[in-house]
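Just so you know, ligand 1 is whichever comes first in the structure, and atom 1 is the first atom listed for that ligand. Here, residue 1 is the first one in the sequence, and each next residue gets the next number.
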Amino acid sequence: MKLILLGAPGAGKGTQAEVLAEKFNIPVISTGDIIRNALKQQTELGKQAKDYIDKGLLVPDDVVIEIIRERLKQADCANGYILDGFPRTVPQADALEAMNIDIDKVLAIEVPDEKIIGRISGRRQCGECGATYHNEYKQPKQESICDVCEGTLIQRKDDAPETVKQRLEVYHEQTAPLKAYYDQKGILVLAYGQEEIKDTTKEVFKALGVEA
Ligand code: AMP
């Protein structure tokens with residue numbers, strides 16, 4: 001199963017990707033996580049990406065395409081994967097196709113813009129392992145402490161409201177056209193994001209034709 005998740009920032013892609021990864025026993029490949037890790041480790045990629053991420057802009061296509069090309073060669077990708085946050089532009093989608101990768105389905109999670117800022121303001125992430133939480137919808141067992149590694153939960157810098165507005169604009173301009181791109185190929189399915197995570201998961205399974 002090779003799946004692409006599309007959706008605005010805060011639509012719930014990462015959360016649903018985790019659920020699907022467990023269901024299909026395949027990894028989630030998140031370019032955002034890979035880039036954030038590089039930032040933390042202060043690698044060359046991290047240095048290149050920092051200004052873009054901080055401003056809510058996309059990292060240049062050639063940089064992310066190389067990240068994905070290398071990542072998909074790894075052994076854990078042999079039985080499929082879920083792409084969360086890639087492709088984000090038409091040139092990235094073209095590059096994926098040029099790698100001769102056959103995507104089974106592209107799932108777009110739809111959430112209206114008015115809801116995004118509120119949803120994102122409650123998001124938290126473990127500063128150590130990257131696990132994600134939400135103040136309302138996905139609370140940790142102990143306040144501000146990661147259930148997985150006991151790291152401290154933080155708010156992503158690019159989740160600040162001004163940056164989210166920019167990221168939403170970028171989404172509509174550069175990423176939303178991918179819905180038509182994949183619809184033309186006959187592999188696009190839509191799921192509508194709900195208030196509760198479990199209800200969105202139901203929509204996602206229905207859209208993918210998967211038994212809960
Ligand atoms: P995300 O965690 O997917 O919201 O990504 C966070 C940030 O990483 C984005 O706002 C971009 O700056 C960068 N990024 C992640 N994936 C991509 C991509 N496929 N193309 C360009 N930039 C990306």
Side-chain angles (χ1 to χ4, degrees), residues 2-18 20-21 27-72 81-99 101 103 106-109 111 113 116-117 119-127 129-134 138 153-179 181-182 193:
K2 294 187 186 124
L3 196 63
I4 290 173
L5 295 195
L6 287 179
K13 296 187 297 295
T15 305
Q16 298 303 326
E18 278 174 33
L20 291 167
V28 178
I29 315 289
S30 154
T31 38
D33 280 348
I34 295 172
I35 296 169
R36 271 187 293 282
N37 244 335
L39 264 172
K40 206 163 105 185
Q41 314 280 336
Q42 301 187 343
T43 64
E44 203 40 51
L45 163 65
K47 286 179 201 153
Q48 269 180 301
K50 186 175 185 325
D51 277 355
Y52 296 100
I53 290 217
D54 285 352
K55 290 188 183 133
L57 300 174
L58 294 183
V59 173
D61 286 335
D62 53 342
V63 176
V64 252
I65 289 166
E66 273 324 296
I67 294 177
I68 283 291
R69 195 191 303 283
E70 290 310 311
R71 181 65 186 86
L72 297 186
Y81 38 79
I82 298 165
L83 294 177
D84 165 13
F86 184 95
R88 273 245 211 344
T89 64
V90 169
Q92 291 179 21
D94 285 339
L96 196 60
E97 197 171 75
M99 290 177 215
I101 287 172
I103 298 295
V106 177
L107 170 76
I109 303 182
V111 173
D113 279 7
I116 292 290
I117 298 218
R119 285 170 77 126
I120 285 193
S121 66
R123 288 214 295 201
R124 295 293 178 272
Q125 185 163 34
C126 175
C129 75
T132 54
Y133 298 88
H134 195 282
K138 194 182 174 191
L153 304 190
I154 52 168
Q155 184 170 34
R156 273 169 55 173
K157 197 172 164 197
D158 62 341
D159 277 353
E162 320 76 72
T163 320
V164 171
K165 279 192 197 134
Q166 174 65 49
R167 288 165 64 203
L168 266 175
E169 263 176 45
V170 167
Y171 169 75
H172 287 296
E173 272 170 29
Q174 302 193 56
T175 308
L178 291 178
K179 285 191 272 181
Y181 180 103
Y182 287 116

Residue pairs involving residues 160-172 (criterion salt bridge (Lys or Arg N to Asp or Glu O under 4.0 Å); sequence neighbours excluded): Asp158-Arg167, Asp159-Arg167

Pocket residues around ligand 1 (non-hydrogen, under 4.0 Å) come out as Thr31, Gly32, Ile35, Arg36, Ile53, Leu57, Leu58, Val59, Val64, Gly85, Phe86, Arg88, Gln92, Arg156, Asp158, Arg167

Is the number of heavy atoms from other residues, nucleotides or ligands within 6.0 Å of OH (Tyr181) greater than 12? yes

Please, which pairs that meet salt bridge (Lys or Arg N to Asp or Glu O under 4.0 Å) have at least one residue in residues 83-93, sequence neighbours excluded? none

To the nearest 0.5 Å, how far apart are CD1 in Ile53 and OG1 in Thr163? 11.0 Å

Those residues at least two apart in sequence (or on a different chain) that pass side-chain hydrogen bond (donor to acceptor under 3.5 Å, both in side chains) with Tyr133 are none

Roughly how far, to the nearest 0.5 Å, is CG of Leu3 from CG of Leu20? 6.0 Å

